[in-house]
Every structure is written in structure tokens, then in C-alpha cells.
Amino acid sequence: MHFRTHAAGFLAGAATLAVLTACSSTSAVSGTSDAPAMPEKLVFAQVPSESAEGIAEDNEAIIKLIEQETGLEVEIQEATDYAAVIEGLRAGQVHVAGLGPFSYMVAKDGGAGVVALGALVDSPDEKPGYQSYGIVPAGSDITDLEGFKGKTVCFVDPTSTSGFLYPSAGLLELGIDPETDVTPVFAGGHDASALSVADGSCDAGFAYDAMVTSELIESGAMQEGELDVVWESEVIAGSPYVASDKLPAELIEQLTDIFANQLNVPALVEAGVCSSAEDCKLPEGSTFGFIAVEDSLYDGVRAVCEITEAPACKV
């Protein structure tokens, strides 16, 4: 397998994006046709929840199958924030990405040009979804979301679904303004938010469920019992992987088929990508893999945007 990782921040600012957009793409074969050219490699980016090395490890089976089926090298780029992934897709510098539900909605409704490929589930008949957790250090005097008022609160990113949008809605329902009634800190990643709460840098915070209950514990970054969960959001539509609509139509069609039919544990074992079901690691601890998703699945996120009127919702 020959995918590469880059730990440096990707598309970190508007100036960089302007240069990238102005230049002809180095990853596409030049041509005079109006139809998009087939890229020489696929650039994959993911919203920040951990390091580029962690992203590569979590997506190893996905990357291997995509390379095997398309014949294209996949290069992983770690993004500095959610907005960087969206702008990378918009500029045609990112070809495939893992987005959160909110960042997907922002990209889709903001004209970044994305096609939903699929979302992870634990069984093929399951609706993809997860929750945001409100967390405090173990033994904290804060026992519910109302206790966040007046505290230093770690959020993930202004365009994070479970790290900002749904938490904001939860706070607003209690009459707590997430900008003025708490001291907000944007940690940049779900792992960073949870760890900042655990070490006392923040009095409370938010992260997605699996990051709190399993991922940081299994990685050894945090011990079980360091955090208490004092709030859970409603179920949020599952995080989609997307393709850029600037890719050739036949490649988008192939990627759509790969995610809908081949990126699941039974198919990955059959293809020889995984040696067994037990050894087949997928992101978010999924025990099945991907299923196709429709854009309408994310209408709930749009509804929460209407409630919160969050600035990042204005696309």
C-alpha cells in the first residue's frame, strides 16, 4: 500500500487557497476538454479529531480498497480545521473527505460541490447516527448542563456538529448563551477538547460519544473514569464521507459504488483487504462499514441551525 500522510496543516489560510486556486492543479492530467480530467492521485482530508497518523490508521482499510479498485494513489492531508476541508473541496484540491454532519451541510448548501458517498453504521439496516456528550472532570461539582454557565467550556470548532452546533442548541434551550454566558475555548479537535477537560484546562466541554467512551481510552491517551458525562444530545445524523463534484463523473460513480457496496466488513474480508472480520478496523469503531446516505438525512442539522442561528450556519 502506498498512501502517504502529511502532519503539517493543510490549506491553512485564504492566501494559500488563493495561490492553489490560481495555479493549475498538480494532481490532474492536463487537457483541453471541458470534462474534468482524471487525477493522478486522490487527496483525502478529514475533519480534525486526531493526528494525521491516527487518521491514516483509522482509514487504512478504506484507503487500501480505494487504491485497489481505482488504481489511484491516495494521499492523506490533515486539515487545520473544518473550514479548510470545505475550502479544499471547493477549490478542487481535496477529492475525498470525511466530514461531520454540520460541515457537510455547510459544504453542500454553500456550493462547495460535494457528493455524499456514505456513512458508517454497525449493521446494514441501521440508521447512521451518534451523540454529542457534555463532559466534566470526574468528581466535578458540575452535574448538568446548567452548571456550565459562567465556566470555561471547551468546544471543538465553530463548524463542528457535536462539538459546537448541538451543544449550542442545548445551552440555548436553558437560556445560556454559548458566547457570553460561558468562556468558550475552541480546542480544535474532539480529542483535544476531551483531554483539556480531563486535565482541568477547561471546567467542562463537549466531544462526540465514542471519543469519550472508547477512542481516547483505547489509544492510552486517557484512563477510563477521568471524565463524567453530564449531558447527551439527541441522535445526530451520521458523519458522511464525500467526493468532490469536480472529479470525473465515472470516478464519482465508482466511488459511490465502492462506499455503498464494498466498504463493509464482509466485502473487505472477501477482497482480501482485511484478513478477518475481527481484524477489520474501521473509523468510529464501526463493526459493519458504510451504507449509502441521502442529503435529506441532514435536514435535522439544518433545523438546529435555524434554532441556534449560529454564524457558521450562514452559507
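The figures here come from the full heavy-atom set of this structure, side chains too, leaving out hydrogens, waters and symmetry mates.
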Nearest atoms (heavy-atom pairs only) where [X] meets [Y]:
X	Y	value
Ala112	Lys246	O-NZ, 3.1 Å
Ile142	Asp144	CG2-O, 3.4 Å
Val212	Ala207	CG2-CB, 4.0 Å
Ser132	Ile236	N-CD1, 3.9 Å
Val153	Gly205	CG1-CA, 4.1 Å
Leu172	Thr308	CD1-CA, 3.8 Å

Judged by atom type as modelled, is there a donor-acceptor pair below 3.5 Å linking the side chain of [X] to the main-chain atoms of [Y]?
X	Y	answer
Asn59	Ile62	no
Ser214	Ala210	yes
Asp228	Gly139	yes
Glu173	Gly170	no
Asp122	Phe288	no
Thr152	Cys202	no

Report, as yes or no, whether the 6.0 Å neighbourhood of atom [atom1] on [X] holds more than 12 heavy atoms from other residues, nucleotides or ligands.
X	atom1	result
Gln223	CD	no
Gln68	CD	yes
Glu126	CD	yes

key: side-chain contact (heavy atoms from CB on, under 4.5 Å) against Gln262, all qualifying residues, sequence neighbours excluded   = Leu65, Glu69, Asp257, Ile258
Thr159: partners by side-chain hydrogen bond (donor to acceptor under 3.5 Å, both in side chains), with sequence neighbours left out = Asp157
How long is the span from the [atom1] atom in [X] to the [atom2] atom in [Y], to the nearest 0.5 Å?
X	Y	atom1	atom2	result
Leu174	Asp181	CG	CG	11.0 Å
Cys305	Phe102	SG	CZ	4.0 Å
Ser244	Gln93	OG	CD	10.0 Å
Lys281	Thr287	NZ	OG1	14.5 Å
Ile252	Asp245	CD1	CG	6.0 Å
Asn264	Leu282	CG	CG	9.0 Å

Do [X] and [Y] belong together in a cluster built from hydrophobic side chains that touch within less than 4.5 Å?
X	Y	value
Leu117	Val265	yes
Val185	Leu171	no
Leu165	Tyr130	yes
Leu263	Leu251	yes
Val115	Phe290	yes

Derivation of the side-chain contact (heavy atoms from CB on, under 4.5 Å) call for Leu247 and Leu42 = CA-CA 10 Å; Leu247 291 171; Leu42 287 172; 4.2 Å; yes
Counting C-beta onward and ignoring hydrogens, is there a side-chain heavy-atom pair between [X] and [Y] closer than 4.5 Å?
X	Y	result
Ile135	Val230	no
Ser239	Tyr208	no
Ser140	Asp203	no
Lys151	Thr183	no
Val85	Ser103	no
Asp209	Val229	no
Leu227	Val197	yes
Ser160	Pro167	no

Ring pair (Phe, Tyr, Trp, His ring centres under 6.0 Å) partners for Tyr104, two or more places apart = Tyr298
request  = Could you pull out all residues at least two apart from Tyr133 that satisfy ring pair (Phe, Tyr, Trp, His ring centres under 6.0 Å)?
outcome  = none
task = Check step by step if side-chain contact (heavy atoms from CB on, under 4.5 Å) holds for Ser162 and Met211.
result = CA-CA 11 Å; Ser162 56; Met211 182 61 71; over 6 Å; no
Let me check something: any side-chain donor-acceptor pairs from residues 267-280 under 3.5 Å, sequence neighbours excluded? List them with distances.
{"from": "Ser275", "atom 1": "OG", "to": "Asp279", "atom 2": "OD2", "distance (Å)": "3.2"}
{"from": "Ser276", "atom 1": "OG", "to": "Asp279", "atom 2": "N", "distance (Å)": "3.3"}
{"from": "Ser276", "atom 1": "OG", "to": "Asp279", "atom 2": "OD2", "distance (Å)": "3.1"}

query = Just checking, is any N or O donor in the side chain of Gln46 or Tyr241 under 3.5 Å from an acceptor N or O on the other one?
reply = yes
Gln131 and Tyr166 side chains, donor-acceptor separation under 3.5 Å = no
key: Test: Lys64 and Glu67 ion pair at under 4.0 Å   = no
message = Between Lys41 and His95, is the side-chain contact (heavy atoms from CB on, under 4.5 Å) condition met? List the steps.
response = CA-CA 9 Å; Lys41 63 185 175 183; His95 303 124; 5.7 Å; no
query = Between Trp231 and Phe206, is the gap from one ring center to the other below 6.0 Å?
reply = yes
task = Please lay out, stage by stage, how Val94 and Phe44 fare under the test side-chain contact (heavy atoms from CB on, under 4.5 Å).
result = CA-CA 6 Å; Val94 170; Phe44 171 79; over 6 Å; no
key: Non-neighbouring partners of Lys127 that pass salt bridge (charged side-chain N to carboxylate O under 4.0 Å, His left out), sequence neighbours left out   = none
inquiry  = As a quick check of understanding, evaluate salt bridge (charged side-chain N to carboxylate O under 4.0 Å, His left out) for Asp295 and Lys108, giving each step before the final call.
reply    = CA-CA 9 Å; Asp295 177 72; Lys108 183 72 173 180; 5.2 Å; no
